[in-house]
K.L.:
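Dropping the structure in here first, questions after.
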Amino acid sequence: MKVLNRLKMELSNQQYFSDEQYIQFLTENSLTPTDEYDKSTMQKSLLFTVVDVLEAVTNDIDLMTGISTESLTLDKRMSS
């Protein structure tokens, strides 16, 4: 599995940002998105990347509002 795909899996395949932005987060944590993921050597950096992504999400009020609205809409559909 490629590092970029593993990041997406850690984020439950939620597309908070574009692949280009995910690649930037990975690069900032010394990971190459096209490398094969190796848990023994990359897990810590990947988890730092996950934290960076989630911090960026929480700092973007428009994105957070969209996520909250989407979740609320899905909850209403499921209870109907």
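Please read all numbers here as calculations on a predicted model, not as lab measurements.
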K.L.:
Does the Asn59 side chain pair with the main chain of Glu55, one donor and one acceptor, at a distance under 3.5 Å?
P.N.:
yes

K.L.:
Over all heavy atoms of both residues, which pair between Tyr37 and Gln43 is shortest? Give the atoms and the distance, please.
P.N.:
OH-CA, 3.3 Å

K.L.:
Applying a strict under-4.5 Å side-chain criterion to I, L, V, M, F, W and Y, I'd like to know whether Val57 and Met9 cluster together.
P.N.:
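No, because Val57 and Met9 fall into different hydrophobic clusters, even though each may have its own neighbours under 4.5 Å.
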
K.L.:
If the condition is side chain to side chain contact (heavy atoms under 4.5 Å, CB included), which residues does Asp35 pass it with, not counting sequence neighbours?
P.N.:
Val3, Thr32, Met42

K.L.:
If you define the side chain from C-beta out and look only at heavy atoms, does anything of Asn29 sit under 4.5 Å from Asp52?
P.N.:
yes

K.L.:
Nearest 0.5 Å please: distance from the CD atom of Glu10 over to the CG atom of Leu7.
P.N.:
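Here the rounded value is 8.0 Å.
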
K.L.:
Once the angle between the rings of Phe25 and Phe17 is folded into 0 to 90°, is it parallel (under 30°), tilted (30 to 60°) or perpendicular (over 60°)?
P.N.:
tilted

K.L.:
Using only heavy-atom distances, determine whether the side chains of Gln24 and Glu28 contain a donor-acceptor pair under 3.5 Å.
P.N.:
yes

K.L.:
Atom CG in Leu26, atom CG in Leu4: separation rounded to 0.5 Å?
P.N.:
6.0 Å

K.L.:
Quick one: does Gln21's side chain have a donor or acceptor within less than 3.5 Å of a partner on Ser18's backbone?
P.N.:
yes

K.L.:
How would you list, by chain and number, every residue that makes a salt bridge (charged side-chain N to carboxylate O under 4.0 Å, His left out) with Asp38, sequence neighbours excluded?
P.N.:
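Here no residue qualifies.
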
K.L.:
Please identify each residue that fulfils salt bridge (charged side-chain N to carboxylate O under 4.0 Å, His left out) with Glu36, with sequence neighbours left out.
P.N.:
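With neighbours one apart ignored, the set is Lys2.
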
K.L.:
According to a hydrophobic-cluster definition based on side-chain heavy atoms being under 4.5 Å apart (Ile, Leu, Val, Met, Phe, Trp, Tyr only), do Leu11 and Phe48 belong together?
P.N.:
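Different hydrophobic clusters.
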
K.L.:
Within the structure provided, determine whether Leu31 and Thr49 are in side-chain contact (heavy-atom separation under 4.5 Å).
P.N.:
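Yes, at least one pair of side-chain atoms sits under 4.5 Å.
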
K.L.:
Taking the side chain as every heavy atom from C-beta outward, state whether Gln15 and Tyr22 have any pair of such atoms under 4.5 Å apart.
P.N.:
yes

K.L.:
Where is the tightest heavy-atom contact between Tyr16 and Val53, given as atom of each residue plus distance?
P.N.:
CD1-CG1, 4.4 Å

